[in-house]
Amino acid sequence: MEEASARRYAELATRMEKLGAMEMAGAFHALIEEQSDHIEEIVRRANQLTGASPPALADPRGLPSEIARSWDEAEASALLSPYRILGVAVDNEMLAFAFYSYVAAQSNDATVRATAEWLAGKALDHAATLRAERRRAYRREGAGRARDERPMLDASSLPEFVRQSRRLESRAAAFHRRIASRLAALGEDAASKTVAEVAERESAAGVEGANETDEAATVDLAQAATPSPLLRSALGEAERLHQAYLDLADHTRDEQVLVAAQQAADRTMQSLAAIAARWHVFR
């Protein structure tokens, strides 16, 4: 996966250069360098664990089918643009995150589990980098794009952080409770329990009695007939919350806010991994 992703990123960097998006091409080149580091680390750990390097890919372009399909569809699209390319790249990093989270959750080997957790964290970092580039592409390309609904935190003091954080946590909890309920109605008890546990943690960090959610999203969830889109929606909500804390930690100048945001990001990372591992089962 890492080798194939590096090759795809090289192709995308070339496409970005042809479109004149040099800054975004640079972002992909930076990701390629990171992928190379990941591959070297995987080889090192494989040698440590098994005494041999991983076998070479029969098809060096190969990716899991659901990942390859979205790349191919984007490349074939007549509407190809930096925004669309970056959207596909974000989705694929989240697919990688789901895969590695699933491996970490299922493995009984400490070395395999640690490697999978490390790769999952790197995939999430890449998704954040690509999402930032996508927001810049959105501003450049103008109207006609979907609104980025990622919640933002701009607290400059700890009391303000607590107030804003509780609001976001309450919204996420309400959203995840609805997904858990729908999963239970579909007979997916294990998946429902996972999402419900995430909602409980968010409720504990949120405002008691709050029930804020998006009505349109609620209608879409009620019509979902399979668990995969429900879990993907649950993952997206958890990711938005996690990213809001990371963004605040990056730009705050208040030490107390920094510590609180980092602790919240660590907690929401656990929720992300739990949902991602469950989602991977249904893809």
Side-chain angles (χ1 to χ4, degrees), residues 64-67 69-70 73 87-88 90-107 116 120 123-124 127 131 146-151 165-245 264-283:
S65 59
E66 64 273 17
I67 297 180
R69 188 182 310 116
S70 57
E73 288 174 355
V88 172
V90 168
D91 287 345
N92 287 315
E93 288 294 345
M94 292 308 298
L95 284 169
F97 172 74
F99 170 74
Y100 292 129
S101 296
Y102 174 78
V103 172
Q106 298 297 315
S107 178
L124 201 60
R131 191 173 288 104
R147 181 172 59 90
D148 186 350
E149 297 178 350
R150 183 170 55 84
S165 174
R166 284 178 174 173
R167 175 179 56 81
L168 294 183
E169 296 278 356
S170 296
R171 180 189 186 281
F175 188 80
H176 285 137
R177 279 195 296 269
R178 284 169 169 77
I179 291 179
S181 177
R182 181 58 183 157
L183 286 167
L186 293 174
E188 300 293 347
D189 294 338
S192 176
K193 181 181 179 182
T194 295
V195 179
E197 288 172 348
V198 169
E200 287 176 9
R201 290 195 290 271
E202 292 163 344
S203 292
V207 180
E208 185 176 355
N211 195 37
E212 180 186 353
T213 192
D214 185 272
E215 292 183 6
T218 300
V219 173
D220 290 341
L221 295 177
Q223 294 175 345
T226 60
S228 183
L230 290 167
L231 288 166
R232 182 66 183 88
S233 294
L235 184 64
E237 183 67 20
E239 186 189 358
R240 282 188 286 272
L241 187 61
H242 177 71
Q243 190 63 44
Y245 290 129
D266 288 343
R267 174 175 49 77
T268 52
M269 178 67 171
Q270 297 174 11
S271 296
L272 267 173
I275 296 172
R278 188 65 65 183
W279 177 52
H280 180 79
V281 175
F282 293 99
R283 290 190 297 104

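Side chains are part of it too, since the values below use all heavy atoms of this structure and drop only hydrogens, waters and symmetry mates.
- No donor-acceptor distance shorter than 3.5 angstrom exists from the side chain of T268 to the backbone of L241, with no hydrogens or angles considered.
- Panel note: side chain E202, backbone A173; a donor-acceptor pair is recorded below 3.5 Å.
- When all heavy atoms are compared, the tightest approach of L235 to I275 is N-CG2, 3.8 Å.
- The shortest side-chain heavy-atom distance between K193 and L183 does not fall under the 4.5 Å cut-off.
- Y100 pairs by the side-chain hydrogen bond (donor to acceptor under 3.5 Å, both in side chains) definition with E2, not counting sequence neighbours.
- Rounded to the nearest 0.5 Å, atoms OG (S203) and NE2 (H176) are 11.0 Å apart.
- Applying the salt bridge (Lys or Arg N to Asp or Glu O under 4.0 Å) test to residues at least two apart or on different chains, the pairs with a partner in residues 265-278 are E169-R267.
- The two residues M94 and W279 have their closest heavy-atom pair at O-CZ3, 4.0 Å.
- The two residues V90 and A127 come nearest to each other via the heavy atoms CG2-O, 4.0 Å.
- Between the S107 side chain and the A104 main chain, no donor and acceptor come within less than 3.5 Å of each other.
- Side-chain contact between L272 and E239 is present, with at least one heavy-atom pair separated by less than 4.5 Å.
- Between the CD1 atom in I179 and the CG atom in L230 there is a gap of 6.0 Å [rounded to 0.5 Å].
- Distance alone, capped at 3.5 Å, places no donor-acceptor pair between the H280 side chain and the S101 backbone.
- Proximity of L231 to V195: side-chain heavy atoms (C-beta onward) are separated by under 4.5 Å at one or more points.
- Remark: S271 engages R201 in a side-chain hydrogen bond (donor to acceptor under 3.5 Å, both in side chains) (not counting sequence neighbours).
- Taking the side chain to side chain contact (heavy atoms under 4.5 Å, CB included) definition, one finds that A105 meets it with A277, sequence neighbours left out.
- Remark: A274 pairs with T194 by the side chain to side chain contact (heavy atoms under 4.5 Å, CB included) rule, at least two apart or across chains.
- We find that E237 and R171 are joined by a salt bridge, their nearest charged nitrogen and carboxylate oxygen being less than 4.0 Å apart.
- For R232, the salt bridge (Lys or Arg N to Asp or Glu O under 4.0 Å) partners are D91, not counting sequence neighbours.
- No side-chain donor-acceptor contact under 3.5 Å links H242 to the backbone of A238.
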